[in-house]
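Report on the following structure.
Residues: numbered from 1 along the sequence shown.
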Amino acid sequence: MTPVYANRALSLRIRCERPPLLRGAEMKMVDAMIGTWRVVDFADLDKDGKWQYRFGEHPRGYFVYDVTGHVHIQIMKVPALPPFPEANLTDGKPPSPEHALAAYTAYVAYFGTYTVDPEKCVVTHHVEGSLAPDFTDTHQPRPFRLEGDRMEIGDGKTWRRVLERVR
């Protein structure tokens, strides 16, 4: 099945084709993704088979999928880093290279658009801009499972991002 844009009118403008007709359950899945999702788990399996928590065991962040087909994601490490003693961004004083690197590795952010392939249960993030330059202008397919107000992105075996809907 052709991936579905969250906003089918947008699909008509961009792809110049009629969007596919979705069965009721598939359309509900696409619509159910729309909203703000709080990150509750961000884990990757290391080579020794242990889950690693790059942003801590209780990361802070959000995935936002909107009705226009846009996505933005921000995640930070918890506990948060302390303020940098030498930096004062208001006065144009940047942090030291060591502090800047620490901040860079403790945060991820990107934005763009998304499409959903409800048959394969894959959402693809089409990244327009990112804190990490090598992510910009890439397409990031993400398998997902959606059950009520809980969504898991990842394969669940080697990586997982667990999200809860914000109400």
Could you pull out the closest heavy-atom pair between [X] and [Y], with the gap in Å?
X	Y	answer
Pro143	Asp155	CG-N, 4.1 Å
Arg142	Tyr110	NH2-OH, 3.9 Å
Val108	Phe55	CG1-CZ, 3.8 Å
Pro133	Tyr104	CD-OH, 4.1 Å
Met151	Leu146	CB-CD1, 3.9 Å
Arg160	Tyr53	NH2-OH, 3.4 Å

In the structure I gave you, are the side-chain heavy atoms of [X] and [Y] within less than 4.5 Å of one another anywhere?
X	Y	result
Tyr65	His125	yes
Arg150	Val162	yes
Thr124	Asp117	no
Ile153	Trp159	yes
Val71	Phe63	no
Phe111	His70	no
Phe144	Val116	yes
Arg161	Val39	no

So, taking the atom named [atom1] in [X] and the one named [atom2] in [Y], what distance separates them when rounded to the nearest 0.5 Å?
X	Y	atom1	atom2	answer
Asp44	Lys50	CG	NZ	16.0 Å
Leu163	Tyr62	CG	OH	12.0 Å
Arg60	Tyr107	CZ	OH	10.5 Å
His58	Lys77	NE2	NZ	13.5 Å
His126	Thr138	NE2	OG1	10.0 Å
Asp41	Trp51	CG	CH2	8.0 Å

Does [Y] offer a backbone N or O that forms a donor-acceptor pair with the side chain of [X] under 3.5 Å?
X	Y	value
Asp66	Thr68	yes
Glu86	Ser96	yes
Asp91	Lys93	no
Ser130	Thr136	no

Under 4.5 Å between side-chain heavy atoms, hopping through other hydrophobics if needed: is there a path connecting [X] to [Y]?
X	Y	value
Val78	Val166	no
Val123	Ile34	yes
Ile75	Phe135	yes

* To do: Decide if atom CZ of Arg165 counts as having more than 12 heavy atoms of other residues, nucleotides or ligands within a radius under 6.0 Å.
  => yes
* To do: Kindly check if the number of other-residue, nucleotide or ligand heavy atoms within 6.0 Å of CZ (Arg54) is above 12?
  => yes
* To do: Give the C-alpha distance, both sets of side-chain angles, the deciding distance and a yes or no for side chain to side chain contact (heavy atoms under 4.5 Å, CB included) between Glu128 and Thr113.
  => CA-CA 8 Å; Glu128 296 175 19; Thr113 59; 3.3 Å; yes
* To do: Considering only NZ, NE, NH1 and NH2 on the basic side and carboxylate oxygens on the acidic side, decide whether Arg145 and Glu152 come within less than 4.0 Å.
  => yes
